[in-house]
J.: 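Sharing a structure here in structure tokens format.
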Amino acid sequence: MNLSAKDHAYQAFSREQWAALRAAVPLPLSEAELEQLRGINEHVSLEEVETIYLPLSRLLNLYAHSKQRRGDVLEQFLGRKPSHGPYIISVAGSVAVGKSTSARILQALLQRWPEHPKVELVTTDGFLLPLAELKDKGLLGRKGFPESYDIRLLLDFVRTVRSGQAAEAPIYSHQQYDRMEQTQPIRQPDILILEGLNVLQSAIDYPQFAERPFVSDFVDFSIYVDAEESLLKQWYVDRFLRFLDSTFQDPNSYFHHYAQLSPTEAEKTAEKIWEQINGPNLRNNIQPTRERAKLILSKSHNHLVDQIRLRG
């Protein structure tokens, strides 16, 4: 990966070096369980979980447990009851990079640690503006860009959860391409994983709103899942072609009109969507936030993580 001069702030690990940090932590997932966590067109193996995600879960467990202990000491000193605010982890990255699968694997691993059995995962897709509102504002072609989100709703949610209160997270339907009426109840988790395209954005991106809080202000540990754009584009096209024979065939799908495309037409359509929407969003809004992450997982072919960078 091509990082800027700030790269020196990171310590880089090869797969082999990182795997050694597992420290004999047992693998708590079976192949059947992993199959439920994989995304479309992703081939995450148990070996990948052992090599990459088990050491990461160990690191996150140490961080979360340390914060819990510090919080208990402070509350005891001040004579207050613990607030039960969760340790918040964000997972950012491009469309098609596999951040959703990474987040699901981390949730499955972290909730098996005895220190924090309750781990919730929330995707920021649910905080996208409703489809009708996106159309009214002329933002349908910029869905996934920062301006397409209900930032106030997202901030209110994160603030509420961080304070230890109960909250409701909107649920997104990829089939309907819209926010649903149902919500996901969040009730004082030990850890909250927040996954989305723009969760690393901060006041640096919007100096005119320097006094406004951002989601990143409430995050304890941030992860960026990275890959070269050429790979991301190919993964997006491959996923689109997979949907051609599955999701797009559903008459209730928002994208059912794509079902009649030939493979050649579908590939051209996917490439066009990437060039007009996903590519520009990556280059202008998502990738510039990469080096704010505490940890960067750099992927190569076949979604394999070939290097891990950890900020000291």
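Heavy atoms only: backbone and side chains are in, while hydrogens, waters and symmetry mates are out.
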J.: Counting C-beta onward and ignoring hydrogens, is there a side-chain heavy-atom pair between V95 and R239 closer than 4.5 Å?
T.: yes
J.: How far does CD of Q111 sit from CD1 of I193, to the nearest 0.5 angstrom?
T.: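 Q111 atom CD to I193 atom CD1 measures 8.5 Å (nearest 0.5 Å).
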J.: Going by the rule salt bridge (Lys or Arg N to Asp or Glu O under 4.0 Å), which residues pair with D125 if we only count those two or more places apart in sequence or in a different chain?
T.: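 Here no residue qualifies.
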J.: Search all heavy atoms of L134 against all heavy atoms of L129 and return the closest pair with its distance.
T.: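 Taking every non-hydrogen atom into account, CD1-O, 3.4 Å.
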J.: Would you call R162 and D220 a salt bridge, using N to O less than 4.0 angstrom?
T.: yes
J.: Any salt bridge (Lys or Arg N to Asp or Glu O under 4.0 Å) pairs touching residues 257-279, not counting sequence neighbours?
T.: K233-E275
J.: Is there a path of hydrophobic side-chain contacts, each under 4.5 Å between heavy atoms of I, L, V, M, F, W or Y residues, that connects I273 with L241?
T.: no
J.: With no hydrogens and no angle check, just 3.5 Å: does a side-chain donor-acceptor pair link T101 and R104?
T.: yes
J.: Parallel, tilted or perpendicular for F255 and F248, by the 30°/60° rule?
T.: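 Because their plane-to-plane angle lies in the 30° to 60° range, the rings of F255 and F248 count as tilted.
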J.: Please tell me if the side chains of F221 and I223 come closer than 4.5 Å, counting only heavy atoms from C-beta onward.
T.: yes
J.: Could you tell me whether E48 and K299 have a side-chain N and a carboxylate O separated by less than 4.0 Å?
T.: no
J.: What residues, two or more places apart in sequence or in another chain, satisfy salt bridge (Lys or Arg N to Asp or Glu O under 4.0 Å) together with D156?
T.: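 Checked D156 against salt bridge (Lys or Arg N to Asp or Glu O under 4.0 Å); matches are R159.
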J.: Quick check: do L200 and N198 have side-chain heavy atoms less than 4.5 Å from each other?
T.: no
J.: Any luck finding a side-chain donor-acceptor pair between S102 and Y53 under 3.5 Å?
T.: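 Yes, Y53 and S102 have a side-chain donor paired with an acceptor closer than 3.5 Å.
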J.: Are side-chain heavy atoms of Y254 and Q176 found at a separation under 4.5 Å?
T.: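 In short, these two side chains do not touch, never coming nearer than 4.5 Å.
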J.: Quick one: closest heavy-atom pair of G144 and N281, and the distance?
T.: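 What the structure gives for the nearest pair is O-ND2, 3.0 Å.
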J.: Taking K294's backbone N and O only, do any of them form a donor-acceptor pair with S222's side chain (distance below 3.5 Å, no angle check)?
T.: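 Looks like yes, one N/O pair under 3.5 Å.
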J.: Please list, chain by chain and in numerical order, all residues satisfying side chain to side chain donor-acceptor pair (under 3.5 Å) with Q287, sequence neighbours excluded.
T.: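 Once residues adjacent in sequence are excluded, Q287 has no partner under the side chain to side chain donor-acceptor pair (under 3.5 Å) criterion.
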J.: For the side-chain contact (heavy atoms from CB on, under 4.5 Å) test, which of E181, M180, R179 pairs with I171?
T.: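 Exactly one pass, corresponding to M180.
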J.: Check whether any side-chain heavy atom of Y63 lies under 4.5 Å from a side-chain heavy atom of I89, and answer yes or no.
T.: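 No; the side chains remain at least 4.5 Å from each other.
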J.: Between W235 and H303, is the gap from one ring center to the other below 6.0 Å?
T.: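 W235 vs H303: aromatic centres under 6.0 Å.
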J.: When you measure from the side chain of S253 to the backbone of Q249, do you find a donor-acceptor pair of N or O atoms at a distance under 3.5 Å?
T.: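 Pair absent, no side-chain N/O of S253 close to backbone of Q249.
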J.: Report the residues that fulfil side-chain contact (heavy atoms from CB on, under 4.5 Å) with P185, sequence neighbours left out, ordered by chain and then residue number.
T.: E168, R187
J.: Do you know the tightest heavy-atom contact between S57 and W113?
T.: OG-NE1, 3.5 Å
J.: Taking salt bridge (Lys or Arg N to Asp or Glu O under 4.0 Å) as the test, write out the residues that go with E120, two or more places apart.
T.: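 With sequence neighbours excluded, E120 shows a salt bridge (Lys or Arg N to Asp or Glu O under 4.0 Å) to no residue whatsoever.
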J.: Would you find a donor on one side and an acceptor on the other, under 3.5 Å apart, between the side chain of D190 and the backbone of K118?
T.: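 Yes, because the side chain of D190 sits within donor-acceptor range (under 3.5 Å) of the backbone of K118.
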J.: Which one of L192, V161, I88 satisfies the side-chain contact (heavy atoms from CB on, under 4.5 Å) criterion with V122?
T.: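 When L192, V161, I88 are each tested with V122, the side-chain contact (heavy atoms from CB on, under 4.5 Å) holds only for L192.
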J.: Quick check against the 3.5 Å criterion: does Q107 have a side-chain atom that pairs as donor or acceptor with the backbone of V119?
T.: yes
J.: Looking at R290 and I296, would you say the former's side chain and the latter's main chain have a donor-acceptor pair under 3.5 Å?
T.: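 Checking the backbone N and O of I296 against the side chain of R290, no donor-acceptor pair under 3.5 Å is found.
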J.: Between the side chain of S300 and the main-chain N/O of L304, is any donor-acceptor distance below 3.5 Å?
T.: yes
J.: Give me the one residue out of D250, N252, T247 that meets side-chain hydrogen bond (donor to acceptor under 3.5 Å, both in side chains) with Q175.
T.: D250
J.: Strictly under 6.0 Å, is that where the ring centroids of F127 and F157 end up?
T.: yes
J.: Pairing donors with acceptors under 3.5 angstrom, does anything connect the side chains of Q234 and W274?
T.: no
J.: Which pair of heavy atoms, one from L21 and one from R58, lies closest together, and at what distance?
T.: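 Shortest heavy-atom contact: O-NH1, 2.9 Å.
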J.: Side chains of S90 and E195: donor-acceptor distance under 3.5 Å anywhere?
T.: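 Judged by distance alone, the side chains do not pair up.
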J.: Are the side chain of R309 and the backbone N or O of F13 linked by a donor-acceptor pair below 3.5 Å?
T.: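 A pair under 3.5 Å: no.
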J.: Testing the basics here: between K143 and D178, what is the closest heavy-atom pair and its distance to 0.1 Å?
T.: NZ-N, 4.3 Å
J.: Search all heavy atoms of P213 against all heavy atoms of F218 and return the closest pair with its distance.
T.: CB-CE1, 4.2 Å
J.: Could you check if a side-chain atom of I105 sits within less than 4.5 angstrom of a side-chain atom of V44, using non-hydrogen atoms only?
T.: yes
J.: Identify the residue among Y177, F240, F243 that makes a ring pair (Phe, Tyr, Trp, His ring centres under 6.0 Å) with Y258.
T.: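 One option only clears the test, and that one is F240.
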J.: How about T124 and L197: do any of their side-chain heavy atoms sit closer than 4.5 Å?
T.: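 Side-chain contact under 4.5 Å: no.
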J.: For H301, does the NE2 atom sit with more than 12 other heavy atoms under 6.0 Å from it, leaving out its own atoms?
T.: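 Count not over threshold, so no.
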J.: Could you tell me whether Y172 and H174 have their ring centroids closer than 6.0 angstrom?
T.: yes
